[in-house]
Structure formats: structure tokens, C-alpha cells
Amino acid sequence: MTSKPPVSDVDAFSDVILADPIPMHHALREAGPVVHLTRHDVFAFARHEQVHAALVDWQSFQSAAGVGMANFRTEKPWRPPSLLLEADPPRHDAPRRVLQKILSPRALRKLREGWLADAVALVDQVLADGGSEVELDAVSALAEAFPLRVFPDAVGLPEEGREHLLPYGDHLFNTFGPQNDLVAKGQPRAAELSAWTDAQCAREVLAAEGFGADIWAAADRGDITPEQAPLIVRSLLSAGVDTTVHGLSAVLHAFATHPDQWERLRGDNALARVAFDEAVRWESPVQTFFRTTTRDIEIAGHVIPDGHKILMFLGAANRDPRRWGADADRFDLARDPSGHVGFGMGLHQCVGQHVARLEAEALLTALTRRVERLEPAGPARRHLNNTLRAWESLPLRLHLS
Ligand code: OVM
């Protein structure tokens, strides 16, 4: 016997919920393993067990129909679908294999020293005209500044137009949600931002060395087709900037509000990567993605029919006490955050995660050299996005050592 799942009429993308989704996450987890969100007509998973299961079962929960609310089976996508994010095997395989190698820990070794030095240079520059205390906005001065200093160069982008990267990403991540005011607000610039991004993916525009050139070299080898190459470069530009910026904001906010954890990191720089992953678990910069069912699926006695949208609350799964224990809401470097779904899981798991971790390690390590303590220096302000958990402003006071 099967029954209808519990329902909720919550607007999961309203300003109030986006500003603080934690109470809704709690309510949805408690309501059951699957909840029908009647307002969006989608089925929500908020527990770690079901989110994890959906992420690893790509046959039953497809990405090719779009990982936003729009169902590509019935609606035309606003941009050509990503060969990585919005594809399943076998189409997904070659692009994934190529990008995975280009962004592998082994391939990143040649960037490591330069990025560590760049982080030291940025931190020295930012702290230069202070005395023993410096006040800054950690979003613009650090979380945005560092990725923008290293990542576009690593891709091989021209200098001109780089200011389009963050607004493009912001709009793109809004479009995974419903067509609400956040999407409408981005609409006037969408065509211009999208055209700029697409233009950067051409071989002639990219530097002779870098991730972009590496992707085109894979096309020369025949590992991917020349038609696929620009779309794979586009994935780097789409997924590689805003996500990292908000991940860095998250870890800086975490440390500013957990001084004992900063002490711990200062005592052992090897914790920088764990700290970043714990912040990704704790804050989940990418809050949600959708899947689409490819068959009737039974979950805990409820049937989700074929072709329906599943909304996976990564942020809720990452704080599910069933998986993380009673202190799931605590930012704690003593925890092992592995198994978090902030980077996804399974064959779509973030292909750029090693790049993000290297950026975080470089920035945090550079900060531990100079900063004894950091604390909020004013009210932190959220930036609302349909998919991203983001800060607009994080005023911090840094006490230098
Ligand atoms: C892509 C893409 C875009 C946004 C996010 C993402 C988190 C990938 O175009 O492939 O992964």
C-alpha cells in the first residue's frame, strides 16, 4: 500500500526563507523523508539519507531534464544546457573525464606555490595601512578579491570584462529557482552577461596556457569534439567563481563567529582544508539542486511519478542530526565533515572542488600568518539568491599578530 506524502505550502524561494532557511529545513526534515511542496508542485528531500540516495542514483534521478525547477522535457532552457551539470551518461562522460583531469590535484600542483604567494600578497596588501587592528569587508576585500585574483588567470581569460563573472554567476544560480523577483531583477542584463561569457570560451580569446587552453587541447586530441570545448569552458566560468566566493565568505564568517576554532586553525595550519569543508557543510553555499524522476519511484511508502521534479535541500542534509548528531548546527573543526553533500555526491560531484580547496587553503594560511583574532565589526548582511547561500557584506575587525 502506498499513500500520498506529507505536504507543505511553503514558498521555499521567498525572501523570508532565503534570508534564513534553517527553520524550514528543520520542518521539512521532520515532516518526512519526502514532502510534496504544493506551491511549486515538486517533491522535496531534506534528510541526508534521501538527498544522498538521489545524488548517487543518476538513472532514477536524471540531470538532463535540468537541475533547476524548469523541466527541460516540457520547457526550453534559457541557455544551451551544460554538458556537465545538465547531462547524464553517456553524454556526460567525455566532458567530465576531460575536465576532471584538468582540475585534478595532480594538475593543480603547478599552481599551488603561486597561489600561496598570491594569497600572502593579497593579505599583506589588505592589511598594509592598518596598525594592530584593521577593519574591512571580508566579502569584497578577501572572499571576492582572492578568487578574482587567481581563477580568471588560471583559466586564461583576458583582463577585460572580468567584472561580468560574478553578476553572470549570480543570475545563473537564480535561474535554477522559480521565475520570481530575483530572476526578474537579473533579466535586463542576462543577454549581455551571457554573450560576454560565451565569447570568452573561444580558443582565440583564451591564453595559450591555462584551463581553457587545456580544454581546447583535449579537443585536438579527440577526447571531446570541437563543438563541446566552448561549453566546457563555459562550465568553468559558470560554476567556478560565485561558488568559491561564497564558500570563502562562509569560512571567514564561521571563524569570525567561532574564535576558539580560529585558535585551533592557527595552532595547526593543516586544518585549513578540513575547515573549508566544514564551512561548506555548515553553510552549504550551493543550497539546492533539482533532479527529475525517470520512472515511478517509491520512497517510504509514497510514490513519486515519472517526470516529476525533486528538490534536494543540500543545506538541510548537511545539518541533518540523523547524519551529523545533535550538534549538527555547530561549526567544529574536530568534526569529520566528509560525506557532506555541499559539493554534491556521485558522478556529478563538484569537479572543481580541488580548485576551491586550494584557494581556501591559500587564503586561510595567509591569514593565519598575520591575524591573531577576527571578530564581527558590524552587522553581516545576506545576499539573496535562489540557489546560493551568500553574504553581501561581512564587516570584520582583524587583530594582527
Ligand atoms: C555548468 C554549471 C553551472 C552552474 C553550476 C554548476 C555547480 C555547473 O554550467 O556546468 O555546478
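Ligands are counted one by one from 1 in listed order, and the atoms in each one are counted from 1 as well. Bear in mind that the values here come from a model prediction, so they are computed numbers and not experimental data.
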(request) Report yes or no: is the cationic atom of Arg319 (NZ for Lys, CZ for Arg) under 6.0 Å from the centre of the six-membered ring of Trp324, at an angle within 45° of the ring normal? (result)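 No cation-pi geometry.
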(message) Both conditions, 6.0 Å and 45 degrees, for the charged tip of Arg373 above the ring of Trp262: are they met here?
(response)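 Cation-pi check for Arg373 and Trp262: fails.
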(message) Taking side chain to side chain contact (heavy atoms under 4.5 Å, CB included) as the definition, give me every residue that meets it alongside Asn269, ordered by chain and number, with sequence neighbours left out.
(response)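 Asn269 satisfies side chain to side chain contact (heavy atoms under 4.5 Å, CB included) with Thr365, Thr368 once adjacent residues are dropped.
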Report the nearest protein non-hydrogen atom to [atom]: residue, atom name, distance rounded to 0.1 Å.
{"atom": "atom 2 (C) of ligand 1", "answer": "Leu85 CD2, 3.7 Å"}
{"atom": "atom 5 (C) of ligand 1", "answer": "Phe173 CZ, 3.4 Å"}
{"atom": "atom 8 (C) of ligand 1", "answer": "Ala239 CB, 3.5 Å"}

With heavy atoms of [X] as the reference, note each atom of ligand 1 found under 4.0 Å away.
{"X": "Ser238", "answer": "3 (C), 9 (O)"}
{"X": "Arg79", "answer": "1 (C), 3 (C), 9 (O)"}
{"X": "Leu172", "answer": "3 (C), 4 (C)"}

(request) Check whether the side chains of Glu375 and His399 place a donor and an acceptor atom closer than 3.5 Å, and report yes or no. (result)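 Yes - a donor-acceptor pair under 3.5 Å links their side chains.
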(request) Indicate whether any N or O donor in one side chain lies under 3.5 Å from an N or O acceptor in the other, for Ser235 and Ser82. (result)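 Result is yes, a qualifying pair exists.
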(message) Regarding ligand 1, does Ser235 bring an N or O atom to under 3.5 Å of one of the ligand's N or O atoms?
(response)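 By distance alone, the answer is yes.
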(message) Polar contacts were defined as any N/O atom of the residue lying under 3.5 Å from an N/O atom of the ligand; does this apply to Ser82 and ligand 1?
(response)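 The answer is yes, given that Ser82 and ligand 1 share an N or O pair closer than 3.5 Å.
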(message) List the residues meeting side-chain hydrogen bond (donor to acceptor under 3.5 Å, both in side chains) with Asp220, not counting sequence neighbours, and say none if there are none.
(response)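 By the side-chain hydrogen bond (donor to acceptor under 3.5 Å, both in side chains) rule, Asp220 matches Arg203.
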